[in-house]
There are 2 protein chains.
Amino acid sequence: MATLKDVAKRAGVSVSTASYSINNSSLISEKTKEKVRKVANEIGYRPNGLAKNLKEQKTNIIGLFLSGFTGPSLNDMVEGVQTEVMKNNYELVVCASVDSHRLLVESYVDGAIILNYHIEDQLLTSIVNEKTPFVVLDRKLDNPFIKNVLIPNEEGSRMIVDYLVSKEHSRIGYIAGANYSFDGEQRLNGFRKSLDETGLQFNEADLIRADFTEYSGYLGMKNYLQIASGKIPTAFVCGNDEMAIGAIHALQENHFRVPEDVAVIGFDDITLSRYVSPSLTTIKVPRKQWGIIAAQTLFQMLDKKYDFDPMPLPIELESRESG
Amino acid sequence: MATLKDVAKRAGVSVSTASYSINNSSLISEKTKEKVRKVANEIGYRPNGLAKNLKEQKTNIIGLFLSGFTGPSLNDMVEGVQTEVMKNNYELVVCASVDSHRLLVESYVDGAIILNYHIEDQLLTSIVNEKTPFVVLDRKLDNPFIKNVLIPNEEGSRMIVDYLVSKEHSRIGYIAGANYSFDGEQRLNGFRKSLDETGLQFNEADLIRADFTEYSGYLGMKNYLQIASGKIPTAFVCGNDEMAIGAIHALQENHFRVPEDVAVIGFDDITLSRYVSPSLTTIKVPRKQWGIIAAQTLFQMLDKKYDFDPMPLPIELESRESG
DNA sequence: CCCTAAAATTGTAACGTTTCAATTTTACTT
DNA sequence: AAGTAAAATTGAAACGTTACAATTTTAGGG
């Protein structure tokens with residue numbers, strides 16, 4: 001690869017002049033700049049970002065760290081982040097890291113947005129600093145240089161419970177995902193709390209554990225129906241839409257009508273939700289907005305503004321056929 | 001940030017000893033290494049990746065460059081790439097770049113996989129080199145250090161045409177996406193060719209142009225039906241599943257039964273396809289496999305093996321209700 | 001034609017690593 | 001106790017930039 005030194009030599013100027021020219025500094029005469037640029041083009045010079053960033057102690061890169069790339073509602077959030085990052089003339093790199101988290105740890109990014117349960121709190125707090133703030137999407141962390149941008153999960157659960165109670169349901173079951181999910185547990189907690197507040201009893205036997213996939217929801221419900229002797233709840237709230245869809249499938253297989261016999265409510269409002277039959281009543285989470293707010297929060301911090309709370313994410317209950 | 005120099009000073013050794021110790025070189029005595037590691041831990045030393053990579057002239061990073069993050073079938077491909085990259089102990093960064101393509105151009109990656117129509121052929125061939133090979137997923141490029149891993153689009157179209165012809169269809173329409181899409185145009189070309197080969201005539205008036213979104217498919221078909229006087233084809237082939245779903249919607253609104261009156265075939269087999277009603281007959285493209293093959297191809301090249309052709313991607317026709 | 005100020009150019013150090021070559025220390029052997 | 005080979009440690013250069021400070025060139029005024 002051609003370096004600045006090569007350009008300088010070929011153009012008959014010093015390395016500093018070459019550097020200034022490439023960066024269009026007003027220190028250099030137009031004539032010289034022109035000459036340097038021409039040579040640079042000729043030999044296909046490309047600046048080395050590593051060297052530049054090392055020198056400048058700044059990469060102009062934002063990292064978005066995920067646990068993985070699967071998940072139907074992920075893209076919108078990422079797109080939101082991307083939009084905002086571009087607007088600020090930074091680059092976005094999206095990484096799914098499971099152990100080393102190298103790019104996060106080795107000064108590759110000027111800031112990071114975290115949605116990755118593989119990354120431990122302790123690691124985050126140990127590497128964050130004034131110059132490299134973080135925004136976390138999947139946990140609550142109390143640190144001067146870390147801000148949380150969270151989905152109002154408990155509020156969502158409360159909306160669902162209120163909705164079901166208004167429809168005269170009194171025994172409500174719950175299908176939860178894997179318990180390492182912050183959102184999942186918040187949704188479950190919110191559900192429990194709201195039920196409590198309305199004076200209803202939650203029967204722990206009506207809690208099905210699955211893992212957020214459609215199939216796990218299907219299996220969980222199928223299994224539940226097998227061991228449930230006698231009556232079952234008239235409604236099930238689910239930790240996400242996929243499990244709700246799976247559960248409906250299992251219910252229908254066992255000749256329960258949805259929503260007439262059992263109402264099923266999801267969470268997230270993924271694209272599929274309006275296509276399945278019956279279409280899914282769920283909580284609509286504006287994922288793109290989530291990404292936008294996360295990025296805006298990060299840029300505020302990069303701008304040394306720390307004294308604010310991120311905008312809350314507006315959610316709403318999308319009432320469809322399933323309940 | 002603490003640097004190696006800080007560690008060295010505090011441990012009372014030279015910078016080189018500190019470096020060797022951190023990297024667990026056998027040159028250094030266990031005792032010293034232990035001491036250095038302890039100090040490094042104490043002051044929270046983290047190596048600076050930029051400096052390291054600059055020195056080593058190697059980042060151990062693979063870049064996946066996309067046009068954007070939206071699109072339902074994207075994640076599986078990305079996941080495939082990620083799997084393979086991890087297996088090889090590299091890091092993957094996924095970027096959606098629209099103009100500067102900074103990370104691609106400024107020596108940030110040791111190799112790249114390209115699925116981004118914003119990046120021009122000319123740029124790719126001008127920056128590729130023996131040390132930084134590319135795999136392109138959205139074009140055909142003839143360059144010693146670039147390999148193409150393409151979806152067998154023409155083959156897919158041929159499978160569809162054969163299938164429809166075997167079902168006695170003789171007038172077949174086509175809904176194409178935006179013409180900047182390599183895959184899209186290949187599919188259309190393949191369709192034309194296959195039709196030709198079977199001796200059927202393609203009526204150019206039966207070509208609808210849309211832009212790959214469901215809504216555009218809906219609008220395109222709606223519009224077509226409005227201006228089509230008299231008979232319409234008994235089958236429509238679509239450049240992707242989304243448009244097919246939109247088109248079906250428009251057909252049904254106009255009281256055409258699918259597939260009885262008009263068969264509609266998609267391409268891609270996105271998740272939705274099996275959920276819509278009627279469920280969609282389509283070409284199943286193994287997206288994860290695509291990503292895996294792309295990455296494997298890249299690593300072959302990084303391993304200085306250039307004399308091979310990437311494995312072809314197996315596709316199959318998934319026959320469902322829509323045709 | 002000389003002086004001076006402004007404009008243009010350049011040498012050099014620095015960013016934080018790695019690694020070669022050189023030096024120092026250690027541990028045997030005789 | 002001296003000599004030596006092996007082991008351990010270190011100094012310095014290099015990776016490709018940027019930007020300060022220093023130097024050289026240019027141009028204008030007397």
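Here is the naming used below: chain letters follow the sequence lines, and residue numbers restart at 1 for every chain. Since the model is a prediction, treat every value here as computed from it, not as a measurement.
Separating the CD1 atom of A:I28 from the C1' atom of C:dA6 is a distance of 15 Å, rounded to the nearest angstrom.
A side-chain donor from one of B:T17 and B:S14 sits under 3.5 Å from a side-chain acceptor of the other. Under the 3.5 Å distance criterion, with hydrogens and angles disregarded, a donor-acceptor pair is assigned to the side chains of B:R46 and A:S126. In summary, the side chains of B:T59 and B:D110 do present a donor paired with an acceptor at a separation below 3.5 Å, with no hydrogens or angles considered.
The number of heavy atoms from other shown groups lying within 6.0 Å of NZ (A:K31) does not exceed 12. Residue B:D309 places its CG atom among 12 or fewer non-hydrogen atoms of other residues, nucleotides or ligands, all under 6.0 Å distant.
Geometrically, A:K147 engages A:F308 in a cation-pi contact, judged by NZ or CZ lying under 6.0 Å from the ring centre and within 45° of the ring axis.
Taking 4.0 Å as the cut-off between side-chain N and carboxylate O, A:R139 and A:E120 do not count as a salt-bridged pair. For B:E42 and B:R10, the salt-bridge test passes: some basic side-chain N is under 4.0 Å from an acidic carboxylate O.
Protein chain B contacts DNA chain D from D:dA8 to D:dG16, reading 5' to 3' and using non-hydrogen atoms of the protein with a distance under 4.0 Å.
In this structure, B:T32 reaches the sugar-phosphate backbone alone: every heavy-atom distance under 4.0 Å involves primed, P, OP1 or OP2 atoms, never a base.
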In the 5'-to-3' direction, what one-character label does each nucleotide of nucleotides 14-22 of chain C receive under the scheme B = base within less than 4.0 Å of a protein heavy atom, S = sugar-phosphate only, - = no such atom?
BBBBBBB--
